[in-house]
Amino acid sequence: MANREDRFQGVDYYNIDDLLTEEHKLIRDTARAWVKKEVTPIIEEAYEKAEFPRHLIKGLAEIGAFGPYIPEEYGGAGLDQISYGLIMQELERGDSGLRSTASVQSSLVMYPIYAYGSEEQRKKYLPKLAAGDMIGCFGLTEPDHGSNPGGMVTNFKDAGDHVILNGAKMWISNAPFADIAVVWAKNEEGRIHGLIVERGMEGFSTPTMHGKWSLRASDTGELVFSNVKVPKANILPGKSGLGAPLGCLDSARYGISWGAIGAAMDCYDSALRYAKERQQFGKPIAAFQLQQKKLAEMVTEITKAQLLVFRLGQLKNQGKATSAQISMAKRNSVEIAIEIARESRQIFGGMGITNEYPIMRHMMNLESVITYEGTHDIHLLITGLDITGESAFS
Amino acid sequence: MNILVCISKAPDTTSKITFKDGDTKFNEDGVQFIVNPYDEWYALVRALELKEANGGKVTIISVGTADYEPIMRKALAIGADEAFRVDSEASDAYQVAAEIANYISSNSFDLVLTGKETINYNGSQVGGMIAAIIDSPYASHATKLEVNGSTAMVERDKQGGVEVLELTLPAVISAAKGMAEQRIPNMRGIMAARSKPLTVVPASVTETLTETIKFSLPPAKGDVKLVDPENMTELINLLHNEAKAI
């Protein structure tokens, strides 16, 4: 089993660190040091065994990975969006599955409770979620409704002081061990609302999905609701309609746009070091033009993506980032990351397919990341709609 | 228990090293600085452990210009309570030690901890000089430190063994690998560090005892020589005459 030394050094070709505050750098370096100490030594084995390393949950909370931008009064860290992005970058530099857990907890569970929840709901759930004492998941996608979430069939009916929830959600990160689920379902008028469903409610089950070749160190499951009685106090009162879950996805996709760059940086950093050390024909393979082309293109794409997400972070801090801008960044970051993983694999030759190096794990993880939270194609159509005014979705 | 930890900055170990001003000064342009690892991982963390066990306060002090403050904030994020920066460019070991000794003489500490050396200058001098100026016991390169009442028990690695020392407090001790284990700051610590006091103290010492004449880089590594495993005579010849290792 691989127990490699983590020699990651970061990639900053355009001195983007100069644009960060000292606190940004401290937060980033803290997450990086934590990943080196806690994640790198165990991740390959966790991946091979397809086990989510649950013992890392407390550490994730301690480095601020759960709801870093949620205000301090609710247990968050009250940080800005660039800090959130940097934490996601460092976590995904370790593993996309770990970043997924933090993304779901922060943007898909804590964010809707903070943005659409009642004061009681905020106080009841957010401090525990921030501390990692409670883990959440997010139920939007259904077996027959992925890119078209508005077609969902999960629904609830009024029954006095509670509602009766029926339906099923699929591809849900954290589902098998989550304590709560933020579930999106239609009421009797067909309007989408968010409900907080708690583990232990009768008729609620979370079967684990098996057989993934991607995000193996992350637990994925289904959410099944069979006449689940949900108190009306658990309905998010602040916003309804498809825009409510899409608002959460904006926040998560923003985090992914930083995170995927982390995976790309790890592949590039590993490949660059290997190319300098690996000797063929009497010299390092880094001296050959075809390897230099790969490496030079990688660092160029990473730098472009870093500048894109940094600017997006500024816009998010100002409350001006549009959904379409976030789509562009998510799509671009994941695309360059998956290409960089594939090109890095080539530089490593045969060694690239082993777990001595992180490349194949990142590559396989990114096959999920390019599809979840809005597929690669759908994000392109969002940009298309935004610039032409013409919808090509249906 | 009142503990003072001396904190120095050091270049990140991946930095490219160049010099300026006729090779008399380290060129800091483009260099990322970190807390000197011996100060952070061992001296500071052991101080925090002692405070957690016995109560008290951990204060940090640095001699340096404003660019020291990010690394001081990190030390505060790890858990130090308060920071003092003597506003002066660090020139030589004596000047740094004299500034810190001045600060100590107008305050009161049970224990002063330093790292065993900085990883850039490797002088190992500041702790001993502070102890001499304030006239207190000193133990260097300590791998273990326990405090019991008014005495400190210190272990030091010796050639082939361990030396155990007892010092009466107040004392100065320099910390080596083994004294504690690195702590990663947590988010609560980073948030708390924002509001912890970092006070700038005017410089009072101008005297230095040494002057740097020249820095130079180590010679570039030569190519590796491969010797046929059958040819032991050639190997011995190279080791004896070229490497002068045997």
Side-chain angles (χ1 to χ4, degrees), chain A residues 7-15 17-18 20-39 58-73 75-80 83-84 86-87 90 102 106 127 130-132 269 272-273 279 282-283, chain B residues 7 9-17 28-37 40-41 44-45 48 60 62 64-80 83 85 180-196 198 220-221 223-226:
Chain A
R7 294 154 76 191
F8 180 71
Q9 284 181 10
V11 182
D12 186 17
Y13 199 73
Y14 258 42
N15 300 349
D17 266 18
D18 292 352
L20 302 176
T21 65
E22 291 304 330
E23 190 170 272
H24 285 147
K25 285 186 258 188
L26 183 53
I27 289 163
R28 190 260 322 266
D29 293 348
T30 294
R32 184 172 296 173
W34 183 81
V35 166
K36 284 190 179 194
K37 183 166 180 248
E38 303 289 346
V39 180
K58 268 287 166 193
L60 282 166
E62 281 174 9
I63 62 163
F66 295 153
Y69 54 80
I70 298 292
E72 290 180 50
E73 61 181 304
L79 301 176
D80 72 346
S83 303
Y84 173 51
L86 288 165
I87 295 171
E90 293 305 317
S106 299
D269 177 78
L272 176 63
R273 194 174 303 109
Q279 300 268 334
K283 54 183 176 180
Chain B
I7 298 284
K9 70 174 185 181
D12 186 276
T13 48
T14 58
S15 305
K16 277 196 177 142
I17 306 297
E28 298 190 355
D29 288 351
V31 172
Q32 295 288 335
F33 283 93
I34 57 173
V35 184
N36 179 47
E40 177 192 330
W41 300 353
L44 175 61
V45 176
L48 295 171
I60 60 164
S62 298
T65 44
D67 63 332
Y68 257 73
E69 293 194 0
I71 65 134
M72 299 179 78
R73 284 279 169 216
K74 184 181 181 190
L76 292 169
I78 292 170
R85 177 173 68 81
E181 197 175 317
Q182 180 188 9
R183 277 189 193 180
I184 296 170
N186 60 34
M187 189 54 68
R188 298 277 154 232
I190 293 171
M191 289 158 66
R194 289 176 190 158
S195 53
K196 286 180 179 172
L198 194 165
K221 280 185 191 162
D223 288 340
V224 172
K225 281 194 177 155
L226 294 173

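These values consider heavy atoms only, across backbone and side chains, with no hydrogens, waters or symmetry-generated copies.
For A/Asp17, the part lying near chain B is the side chain, with the backbone staying farther off; criterion is any non-hydrogen pair under 4.5 Å. Only the side chain of B/Ala77 comes within contact range of chain A, with heavy atoms under 4.5 Å apart. Only the side chain of B/Gln32 comes within contact range of chain A, with heavy atoms under 4.5 Å apart. For A/Glu62, the parts lying under 4.5 angstrom from a heavy atom of chain B are both the backbone and the side chain.
Counting heavy atoms of neighbouring residues, nucleotides and ligands inside a 6.0 Å radius, atom OH of A/Tyr14 does not exceed 12 of them.
The structure places NZ of A/Lys36 at 10.5 Å from CD1 of B/Ile184, a figure rounded to the nearest 0.5 Å. One finds the CD1 atom of A/Ile27 at 5.5 Å from the CD1 atom of B/Ile190 (value rounded to the nearest 0.5 Å). Between A/Leu26 atom CG and B/Met187 atom CE the span is 8.5 Å, to the nearest 0.5 Å.
When the options A/Glu22, A/Lys25, A/Glu23 are evaluated for a side chain to side chain contact (heavy atoms under 4.5 Å, CB included) with B/Pro70, the one that passes is A/Glu22.
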